[in-house]
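All values below come from the heavy atoms of this structure, side chains included, with hydrogens, waters and symmetry mates left out. For this chain, numbers begin at 1 and follow the sequence in order.
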Amino acid sequence: MGWLHNQSKKMSAPPSPLIFALDYVYNNIDFDILNLSLGICSVSSNDKLNSICKKYHSNGKYIVSAFDNNGAISFPAAYEQVIGVTSDN
């Protein structure tokens with residue numbers, strides 16, 4: 001189970017809903033840039049999430065995702081093909 005970070009709240013959730021949502025958006029919504037104000041620090045299905053992010057990038061669609069503000073590695077922001085952002089207090 002990973003951690004989903006939402007600004008000031010911490011919610012526990014598995015990565016599968018994120019993978020489902022990314023797949024749904026890719027297949028059903030016309031867009032160029034997808035902004036995710038979230039990140040997962042522990043990913044049990046890392047290959048699936050990375051694969052979807054690579055699919056976005058190879059087809060000219062960009063993902064912007066939040067890094068963990070406490071310095072933990074978070075996904076999908078840590079993937080090479082994702083634009084990872086963090087806040088500066």
Side-chain angles (χ1 to χ4, degrees):
M1 175 146 330
W3 286 100
L4 295 177
H5 296 274
N6 179 1
Q7 299 293 345
S8 62
K9 297 179 183 177
K10 259 190 185 174
M11 299 175 290
S12 177
S16 54
L18 176 58
I19 291 168
F20 175 83
L22 287 173
D23 196 42
Y24 179 86
V25 168
Y26 183 86
N27 291 310
N28 295 288
I29 299 174
D30 185 28
F31 67 97
D32 295 317
I33 299 171
L34 178 64
N35 181 48
L36 301 174
S37 295
L38 57 85
I40 300 173
C41 292
S42 175
V43 181
S44 59
S45 52
N46 193 18
D47 290 341
K48 289 180 185 178
L49 183 57
N50 193 19
S51 177
I52 278 189
C53 293
K54 285 180 179 180
K55 181 171 73 170
Y56 270 68
H57 189 262
S58 67
N59 288 292
K61 298 179 183 295
Y62 299 94
I63 299 174
V64 178
S65 180
F67 273 112
D68 180 80
N69 290 331
N70 295 319
I73 295 174
S74 54
F75 301 94
Y79 295 134
E80 182 178 329
Q81 63 276 4
V82 174
I83 300 167
V85 296
T86 186
S87 69
D88 187 12
N89 293 338

For Lys55, which residues count as a salt bridge (charged side-chain N to carboxylate O under 4.0 Å, His left out) partner, sequence neighbours excluded? Asp23
Heavy-atom pair with the smallest gap, counting every atom of Asn69 and Ser87: OD1-OG, 3.2 Å
Donor-acceptor contact present, side-chain [X] to main-chain [Y], <3.5 Å:
X: Lys54; Y: Gln81; answer: no
X: Ser65; Y: Leu38; answer: yes
X: Tyr56; Y: Leu34; answer: no
X: Ser74; Y: Asp68; answer: yes

Given side-chain contact (heavy atoms from CB on, under 4.5 Å), test Leu36 with Val82 step by step and report yes or no. CA-CA 10 Å; Leu36 301 174; Val82 174; over 6 Å; no
Could you give me the CA-CA distance, side-chain angles and deciding distance for Leu18 and Phe75, then say whether side-chain contact (heavy atoms from CB on, under 4.5 Å) is met? CA-CA 11 Å; Leu18 176 58; Phe75 301 94; over 6 Å; no
What distance separates Phe20 CZ from Ile52 CD1, expressed to the nearest 0.5 Å? 10.5 Å
Within 6.0 angstrom of Lys48 NZ, more than 12 heavy atoms from elsewhere: no
Under a side-chain separation threshold of 4.5 Å, the hydrophobic residues clustered together with Val64 are Ile33, Tyr62, Ile83, Val85
Run the side chain to side chain donor-acceptor pair (under 3.5 Å) test against Asp30 and tell me which residues pass, sequence neighbours left out. none
